[in-house]
Amino acid sequence: MMTTRTRFAPSPTGYLHVGGIRTALFAWLLARQKNGQFVLRFEDTDKKREVEGAREHLIKSLKTLGLEYDEGPDIGGPFAPYTQSERLDSYKKWAKKLIDSGRAYADPYTPEEVQAFRDEARAAKKPFLYRNHRPENPPVWDGTTPLRFKSDPKSYDWHDEVMGDLHTGPEVIDDIVLIKSDGYPTYNFAHIVDDAEMEITHIIRGQEFIASTPNYLNLYEALGIERPAIATVPHIMGPDGNKKLSKRDGAKDVLDYVRDGFLPQALVSFIATLGWNDGTTQEIFTAPELIEKFSLDHVQRSGARFDEQRLTWINGHYIRGLAIDDLYQQAQQFLPGEADTYDENYRKAVLGLVQERLKYFAELPQLTRFFFIDLPVDPALIGSHKQLKKLESTELKNLLEQARAAIETSDFSVADLTDRLNTLLETTGQKPAVLFSLVRIATTQAPASPGLAETLAVLGKETSLRRIDAMLASL
RNA sequence: GGCCCCUUCGUCUAGCGGUUCAGGAUAUUUGGUUCUCAUCCAAAAGAUCGCGGGUUCGAAUCCCGCAGGGGUCACCA
């Protein structure tokens, strides 16, 4: 049996957004599941659109998400090179085959002339077909004009691994450009040659290629190449409407999510289930589970919307499941700058307390700042509290003084603090909503915080008493 | 305009002729978990399965129309 070989073949024209990475993920999953190979190939045949640094960025994106490839531009492999601009000889060789067999010819028209044909078709509200203007006696191709495929228009029935059985008529087949006047091949030609030479068995690509697939089928025949399996996945749509998710509309770089503190495993699970499921009610998958369960025929045929809320939920789920050391390792760089002066144990303790209320790491400064610096006393916290605002400041002061006295002799373990605070509830006859809120506000000056005893235990006696004193002074 | 694809709760989806007056998740709302926020646990609300015909004893599921959305018709990929 042939080993499964899949590829991800981006053009180095920018960063990778969620829609793009999904194609890579599916290809990677398929290769891993079948114990095959996953190949990275750069399709850099349009020099005008190329963006500096895009290659490194693409590689970093794949590696960050754990989609490691077996062969690629930077690591080589048995079919190197893996960059199209370095494979021009291959394309010329295959092009010559077509010329020799009468299946390719020089395009004798100027770009303006072709454009005129196009305008004509558009004015007549008909699809543009170059072959309607196919020259009778084209000149010998000298490499300075486009080389076109002499197509053989016919109907096609083919099977798409995702879309199912597809059919088109001969009217969609045209004389596509194989090699441009600048000497570089078009995607249409290059990917077919490369996939054949690199022994790719499965092509996974976006919906925009479905319309040109019949042309590829025609080309495979002329080249005598057996076509790989083709899987066309739908686009991921933007959150607001029905349009394709695109960089123009603000689709974020996957690395931006990582920068905001989204975990790679959460991104992978989210992207995989955006248009795929295993048929059960399982909602979140680890990479090994995905590798085991993924299948192309469960990929959705309609485009899914990108819902950041769902990603946020999955990320929170993964964060909660992290062991404290893993959490520390991944999250410590997101702590506020003030945290630098505290030791590892203290910072770990803080992370442990906020772990279950963390959706993504970029929230950490806001959630934890009061653990590292004394925030100024904020009267609004009392003023907006529905119980505390009803009390006179002398009452508040009295309560807070009792609280201070109660914890002053504590060893500041969670258990002892809990005991003392509970005893205080009885002796003062106050409800937790009043007493605990007051102490919590005094010691944190934050609208929200983890549980009171836990927070005090981490803050420690000195800090807790100092903040209570500051609060007392302001009442 | 031609051709092609798609259409189930706001969102992601299960469903592949009967066990479904459509199940799960998320989001929303409410209640509980000694204070806040969150977690967790309950519960509520939320889809005439795009519309209209047919086939069938029976259709979200099969067929045909229509509508809406998307893609494509580049010397871009």
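Just so we're on the same page: letters track the sequence lines, and every chain starts at 1.
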Residue-phosphate contact under 4.0 Å: [X] side-chain N/O, [N] OP1/OP2:
| X | N | result |
| --- | --- | --- |
| A/Q355 | B/rA38 | no |
| A/K180 | B/rA77 | yes |
| A/N277 | B/rA14 | yes |

Nearest to the [X] side chain among [options], which nucleotide is it?
| X | options | value |
| --- | --- | --- |
| A/D307 | B/rC35, B/rG10, B/rA27 | B/rG10 |
| A/F436 | B/rA14, B/rC35, B/rA77 | B/rC35 |
| A/K125 | B/rG1, B/rC12, B/rC3 | B/rG1 |
| A/Q309 | B/rA27, B/rU34, B/rU36 | B/rA27 |
| A/P432 | B/rU34, B/rU36, B/rC37 | B/rU34 |
| A/A304 | B/rU13, B/rU26, B/rC3 | B/rU13 |
| A/T168 | B/rU39, B/rU36, B/rC3 | B/rC3 |

Are any side-chain N or O atoms of A/S413 and backbone N or O atoms of A/D416, one a donor and one an acceptor, separated by less than 3.5 Å? yes

Separation of [N] [atom2] from [X] [atom1] (nearest whole Å):
| X | N | atom1 | atom2 | value |
| --- | --- | --- | --- | --- |
| A/F306 | B/rG70 | CZ | C1' | 19 Å |
| A/Q445 | B/rU36 | CD | P | 18 Å |
| A/K154 | B/rC3 | NZ | P | 21 Å |
| A/R22 | B/rC12 | CZ | C1' | 12 Å |
| A/D119 | B/rG1 | CG | P | 19 Å |
| A/W313 | B/rA38 | CH2 | P | 18 Å |

Salt-bridge criterion met for [X] and [Y] (N-O under 4.0 Å):
| X | Y | value |
| --- | --- | --- |
| A/R103 | A/D152 | no |
| A/D374 | A/R467 | yes |
| A/R310 | A/E283 | yes |
| A/E50 | A/K47 | yes |

Should B/rC40 form a Watson-Crick or G-U wobble pair with both distances under 3.5 Å, which nucleotide is its partner? B/rG32

Mate of B/rA67 where both pairing distances stay under 3.5 Å, Watson-Crick or G-U: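 Here B/rA67 is engaged in a pair, and the nucleotide opposite it is B/rU7.
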
Between protein and nucleic acid, restricted to nucleotides 72-74 of chain B and to nitrogen or oxygen atoms under 3.5 Å apart, what atom pairs and distances do you find?
{"residue": "B/rC73", "atom": "O2'", "partner": "A/F128", "partner atom": "N", "Å": "3.3"}
{"residue": "B/rC73", "atom": "O2'", "partner": "A/F128", "partner atom": "O", "Å": "2.8"}
{"residue": "B/rA74", "atom": "OP2", "partner": "A/R118", "partner atom": "NH1", "Å": "3.0"}

Hey, does the Lys NZ or Arg CZ of A/K252 hover above the aromatic six-ring of A/Y257, less than 6.0 Å from the centre and inside 45° of the axis?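 Relative to the ring axis of A/Y257, which defines the angle, A/K252 lies inside both limits.
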
Does A/R227 count as lying over the ring of A/Y220, i.e. NZ or CZ under 6.0 Å from the six-ring centre, within 45 degrees of the axis?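 Geometry flag: not set, cation outside 6.0 Å or 45°.
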
With a 6.0 Å cut-off on the ring centroids, do [X] and [Y] count as close?
| X | Y | answer |
| --- | --- | --- |
| A/Y318 | A/F262 | no |
| A/W276 | A/F285 | yes |
| A/F42 | A/Y82 | no |
| A/Y187 | A/F209 | yes |

With a 4.0 Å heavy-atom cut-off, tell me which residues in residues 421-430 of chain A come close to RNA chain B, sorted by residue number. A/N422, A/L425

Hey, what do you get for CG (A/L219) to CG (A/L178), rounding to the nearest 0.5 Å? 5.5 Å

Classify the side chain of A/R301 and the base of B/rC5 as holding, or not holding, a donor-acceptor pair under 3.5 Å. no

Look at the side chain of A/S181 and the base of B/rC75, then say whether one donor and one acceptor between them are separated by less than 3.5 Å. yes

Quick check on RNA chain B: between A/A448 and A/Y187, whose nearest nucleotide comes earlier from the 5' end?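 Final value for this comparison: A/A448.
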
Which part of the nucleic acid does [X] contact within heavy-atom distance under 4.0 Å: base, sugar-phosphate only, or nothing?
| X | result |
| --- | --- |
| A/H191 | nothing |
| A/G451 | base |
| A/R122 | nothing |
| A/E283 | base |
| A/T45 | sugar-phosphate |
| A/P450 | base |
| A/K359 | sugar-phosphate |
| A/T418 | base |

